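Only one structure is covered here, and it is reproduced in the block below.
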Amino acid sequence: MSQLPKRYDPLVVEEEVLDFWNKEKVYDKTLKLRSSGPKWNFLEGPPTTNGFMHVGHARGRAMKDTQIRYMTMRGYDVWRRGGWDMQGLPVELEVEKNEGIVEKGLIDSNVGMDVFVQKCKELVDFYLERWVNDSIRLGLWLDYPEAYQTRKDDYIEHVWYFLKMANEKGLLGRGYRVNPTCPRCVTALSGHEVSQGYATKVDPSIYVKFEMVDRENEYLVIWTTTPFTLISNEMVSVHPKYKYVKLDVGGEFWWVVEDLVEVVMEKAKVESYSKVETLTGKKMLGWKYRHPFHDEVPFHQEHDEKYMHAVVTGKHVTVEDGTGLVHTAPGFGPDDFEVGKEFKVPVLAPVTTSGKFTDEVPMFEGKLVFDTNVEVSRLLKEKGLLVHEETVSHEYPHCWRCDTPLIYLADKTQWFLKMTGLRDKLVKANNDVEWTPKWAGTGRFGDWLANADDWCISRSRIWGSPLPVWVCDDCKSEVVVGSRKELKERAIEFPEDFEMHRPWVDEVVLKCEKCKGEMHREQFVTDCWLDSGMAHTASVDYLKDPSLFNRLFPYDFITEAVDQSRGWFYSLIYTSVVMHGSAPFKDCVSQEHVLDEDGGKMSKSRGNVVWAKDALETIGADPFRIFMLTRSASWSRMNHNQKEIDLIRKKLDVLWNVVLFSETYMELDKFKFDEKRMMKFLPEANLEDKWLLSRLESVVKEYHEHMDKYLWHQAGRVLLEFITEDFSRVFLPLVKKRVWLDSENPKKVMAYDVMYYALQTFIRLLNPFTPFICEKLHKDFLVRFADGLPESINLTDMPMLVDKLLDTEMEATFDVLQELRTASSHARNKKGVKLRHPVAKVTLIAEDKETSKRAESLKELLLDDLNTRDFEAVLTDILAEFTQLSVKPNYKALGPRYKDMMKQLVAQLQKVDAVKLRDDLEKGIATLEVKGKKLELVQGDVDFEESLPEHLSYADSKIGKVYVDVTRTKELEAEGLVRDVTRRIQVMRKEMDLKVEQSIEIVLHFSDNESVELAKMFEDHLKNETRAVTLDLVGPDREPGWKKYSYIKEWEIDDLKLKVGMAAR
RNA sequence: GGGAUGUUGGUCUAGCUCGGUGAAUGACAUUGCUCUUAUAUGGCGAAGAUCGGCGGUUCGAUUCCGCCACGUCCCA
């Protein structure tokens, strides 16, 4: 029969439990057990298999597991297929790094795209294995063997299927997108790449005036650090709220933002100028100007749209530098692009991806844009439009591979999923979702959804789901292919070893149905969020057999971190609304991130990432899980903090220790739990038994209320508080007295039954949070002391509320007890009266009738508990009885009048009846006889202070005022002394390793005779308590025969010195 | 740069949805006292926060609004 180790070591426990689960196939058994239960379907948000699992991932996964285990124990047949997101840019970047690939163009020549893709597969497989291992170590019970992988052909096929459907619904289309582009690598860069490459760059900084149309001699003054973009200028943006002024600069009028007038005038070397007119920006909307390169660039001559070559408004305008009028070229900047879209100005982007002007700009055709800056300035100067020219050095994005300055460039070949006509449906679908917390969904996500733009899904990449669009070389007609089968049918030639990845898919050429020409694939892959977004359908292989999908959809529950709002939550809803007309999930819990100890972001570059594996292998999964789950609400950020984990781990220590305590005595008494017996005898049970069971049921109730709302942190906190506060600190000390009774004693059996019942219930409730320790305690404790339990706690049912055990009146009564304990300790503490010294009386002046009734009902228990001879609960504050009025002379008033009589007067004042004196003074004059003289006192001569009489100590509490009468009598002192002595003898018995029933002989040598006398009053009691056959009490004037005693020890009890001799007999 | 979200004793946190009681909750750490034959515990005290800063709404704001600083997330 195995025994629990003395100390809780999570690592040892968890290793053992993992082994047990593995050997006994416990997970499979839970599936089988619940297979006929009601369905509850969880959709796993697939982690990206690049990099390892860190503690932030692990927190989210702990939440998933807790919910899953909870539902399983509630009897549900839980769908929980795992999933992995395996494609995308980060994988490529790591492979490029590993392979030393600098330029993407090199892939074909040096490595070969097929080899590259192979490397990507190997990399994600490597990470996949670690993710699975770490997840299992964390205790996350998912279906791993059947887990979906976004890189599989079957999965990608669903993405194609979706895109074809989207296209048929008119939602797929081409559009412009402004990308940071490296002209040397001839590729667009992702935001992530851009942020890696900021560096200082020296650029021209020019101030240019644009001649206005219909406003004679007036000019708009703009500023730019990229002169070449002026070629493609279409608008000038002003801020709608800023004030702009028209300046007379000697024959010409210039428009500049008011805040920057002086700066601009100084740069332009205009010494005298005057303000002619002031306007807010929005009034300038629509003002036309003549493009500075109107004559040179044919494109500009054709312009006649309303806002072309006109002033528009935008909030991106600042007054930090420049002129407050921002030159806007929609093809060359994200802000510019947005403005262009808003004012319906078409994009002009006469520059190739390699950064060279096209034939649309005849004067610069074939020239690299940066190289034209000087020329642009020169031309402007010639035209007399250059106001000022200088250079600035600023932070500018560079290519992280080759350090070439990037160009923001509009690219019209990108593919989009449109929002047109869909927005309302998405918002409505989202409103049907139950979000936790509510504001994250309807507010944060809902607002964002209502304003979401078209979704750019094309990526100029390799390792991803290929965009299934083929375009005819000749007639340019397009076809979106929806499946592998369809592709094969339309292919001119279909390779044997086909795979739905680049480069294989690129090699498939289709025949154009219109012109019989050749069709080639658009060389994009799709955004990997589209992959994971299809999980609702693709994860269950809908295309092969939709029956499983039909059973599961919509899923009951998903949970991911906030960064998924724009990611997974969005892509799920978008694709599902398009395909199935509704959101694919019913409940969604939003999580926040885990930060480092100082609240900083965890990142590889900072080196502050805590990997899940390390955390799990050093602190253990259970302490980690309970920390992550209870420390803060799922939607609040949290800091990873070792100190805090240690604190919460202590609570698991407490659980372990209370079980250990129970086990020790239950083992001794050969106890077997019998629920019927417990219920039968419960009416006669001790107060604390009924109380504990009622508390337990309150916990069960609250726990389920929280769990039903996915408030794991609340549910967990309720549990931890119960075990540490109620069970360990309150109940066990009360029960301890009973474990020494005979093993057959019904009081003791009841204590065991209650302990067992409470622990069994508790451990099951806790199991979803800390499955390892709970499994261990189930196996090695619960199973041993009851019949008919299954081998694993995961095969048991979640305890539900047992109404008949709930007794709120009992709990309220017990609260009174706790309050009285606290208050009495406080009052004792004030007077320095230790608990083991009995006091004469404790009085409660209760707040209300119920409290006093409850307190009275506890009287017997209280006498023992508070160690008092008497207890009374009364309702009214009988002030006179408990307070004492004392007189304080006012020396400043009395001194000058009574001078040398002061000493006697003061002495007399202490003796006088203070209440009477106060009453007299209130009426008028009081007289006092001192040394035969009658002295007169008036108000102000003395102050009165209310104080407690010496023998009383007072403490306030939530339930009323508590007075403790600490009057010392001989008997009370004797009792206290005997308790002191008894305790020390018991300590010595333990140190001698005596059996409980072993008799002894004792001598007590006191340092004063008074103590001898006191001890004699309780001689028999002392003998009984310590199982002494002989007891010799000796004072300071005699030295006992020490030789007789085998164990001698000296003690100090306050001032008393005590030497104890002891021998077994 | 835009949007979102947060900032409470030395540390970590509760409360803030729907502003109002008197001491803003609890834990750790500090400190005084104390209990205990389950516990690397526990109990009673002391001390410690003008609830990030500044403004506004209001009779009244930690709680609502705005701006600023700092952190974080998403987008650019």
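In what follows, chains are A, B, ... by sequence order, proteins preceding strands, each numbered from 1. Worth knowing before you read on, the calculation uses all heavy atoms, side chains too, and leaves out hydrogens, waters and symmetry mates. Not measured: the values here are computed from a predicted model.
- A:R821 is linked by a side chain to side chain donor-acceptor pair (under 3.5 Å) to A:Q818, A:D865, counting only residues two or more places apart in sequence or in another chain.
- The heavy-atom pair separating A:L692 from A:A758 by the smallest distance is CD2-CB, 3.7 Å.
- Per the geometry, CG belonging to A:D653 stands 17 Å off P belonging to B:A38, to the nearest Å.
- Applying the side chain to side chain donor-acceptor pair (under 3.5 Å) rule to A:T226 yields the partners A:T224, A:T229; only residues at least two apart in sequence or on another chain are considered.
- Taking atom C1' in both B:A24 and B:G15, one finds a spacing of 8 Å when rounded to whole Å.
- For the side chain to side chain donor-acceptor pair (under 3.5 Å) test, no residue two or more places apart in sequence or in another chain qualifies with A:H706.
- For A:K736, no side-chain nitrogen or oxygen approaches OP1 or OP2 of B:U36 to under 4.0 Å.
- Across all strands shown, B:G56 is found opposite B:C64 as a Watson-Crick or G-U wobble partner, with both distances under 3.5 Å.
- Across the strands present, B:A69 finds its partner in B:U7; the criterion is a Watson-Crick or G-U wobble pair with both atom distances under 3.5 angstrom.
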Listed pairs, N/O of protein and of nucleotides 8-15 of chain B, under 3.5 Å:
unit_1, atom_1, unit_2, atom_2, d
B:C12, O3', A:R631, NH2, 2.8
B:C12, O2', A:R631, NH1, 2.7
B:C12, O2', A:R631, NH2, 2.8
B:C12, O2', A:E644, OE1, 3.4

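- Nucleotides B:U7 and B:U11, compared at atom C1', are 15 Å apart to the nearest Å.
- Toward the 5′ end of RNA chain B lies the nearest nucleotide of A:V658, the other residue of the pair A:E592 and A:V658 mapping further downstream.
- B:A23 is unpaired under the criterion used here, namely a Watson-Crick or G-U wobble arrangement in which both key atom distances are under 3.5 Å.
- Spacing of P atoms, B:C64 relative to B:A14, comes out at 15 Å, to the nearest Å.
- Every residue was checked against the side chain to side chain donor-acceptor pair (under 3.5 Å) condition with A:R423, not counting sequence neighbours, and none meets it.
- Residue pairs satisfying the side chain to side chain donor-acceptor pair (under 3.5 Å) criterion with at least one member in residues 713-725 of chain A, sequence neighbours excluded, are listed as follows: A:E725-A:R729.
- The separation of B:A49 from B:G26, taken at their C1' atoms, amounts to 14 Å, rounded to a whole angstrom.
- Spacing between B:U36 and B:C44 at atom C1', rounded to whole Å, works out to 15 Å.
- Nearest approach of A:S532 to A:S571, heavy atoms of both residues: OG-OG, 4.4 Å.
- The CD atom of A:E725 sits 9 Å away from the P atom of B:G42 (whole-angstrom rounding).
- Within the 4.0 angstrom heavy-atom criterion, no nucleotide atom of any strand lies near A:T664.
- Counting non-hydrogen atoms under 4.0 angstrom, A:L660 reaches nothing in the nucleic acid.
- Distance CG (A:L449) to P (B:C75): 15 Å, rounded to an integer number of Å.
- Remark on RNA chain B: of its neighbouring residues A:T822 and A:M602, the 5'-side contact belongs to A:T822, judged by nearest-heavy-atom nucleotide.
- A:R821 has its CZ atom 15 Å from the C1' atom of B:U34, to the nearest Å.
- Pairing for B:A40 is absent, judged as Watson-Crick or G-U wobble with the two contacts each under 3.5 Å.
- Taking only side-chain nitrogens and oxygens, A:H826 comes nearer than 4.0 Å to OP1 or OP2 of B:G45.
- Taking atom CD of residue A:Q642 and atom C1' of nucleotide B:A29, one finds them 17 Å apart after rounding to whole Å.
- Remark: C1' of B:G45 and CD of A:E819 are 15 Å apart, rounded to the nearest angstrom.
- Nucleotide B:U41 holds its P atom 13 Å from the CG atom of A:D646, rounded to whole Å.
- Looking at A:S458 and A:F416, their side chains never come closer than 4.5 Å, going by heavy atoms from C-beta outward.
- With A:F569 as the partner, the ring pair (Phe, Tyr, Trp, His ring centres under 6.0 Å) test is satisfied by one option alone out of A:W435, A:Y574, A:W529: A:W435.
- Looking at the side chain of A:R729, the nearest of the listed nucleotides B:A27, B:G45, B:G42 is B:G42.
- If you take CG of A:D336 and C1' of B:A76, they are 12 Å apart, rounded to a whole angstrom.
- Taking the side chain of A:F661 as heavy atoms from C-beta on, and the options B:A38, B:C28, B:G45, the nearest nucleotide is B:A38.
- Rounded to a whole angstrom, the distance from the C1' atom of B:U21 to that of B:C59 is 16 Å.
- Under the 4.5 Å side-chain criterion, counting only non-hydrogen atoms from C-beta, A:C588 is not in contact with A:E560.
- A:K650 comes within 4.0 angstrom of nothing in the nucleic acid, heavy atoms only.
- Residue A:V654 is out of contact with every strand shown, counting any heavy-atom pair closer than 4.0 Å.
- On the C1' atoms, B:A69 is 41 Å away from B:G32, given to the nearest whole Å.
- Rounded to the nearest Å, the gap between the P atom of B:U25 and that of B:G2 is 40 Å.
- For B:U30, the paired base is B:A46 (Watson-Crick or G-U wobble, both distances below 3.5 Å).
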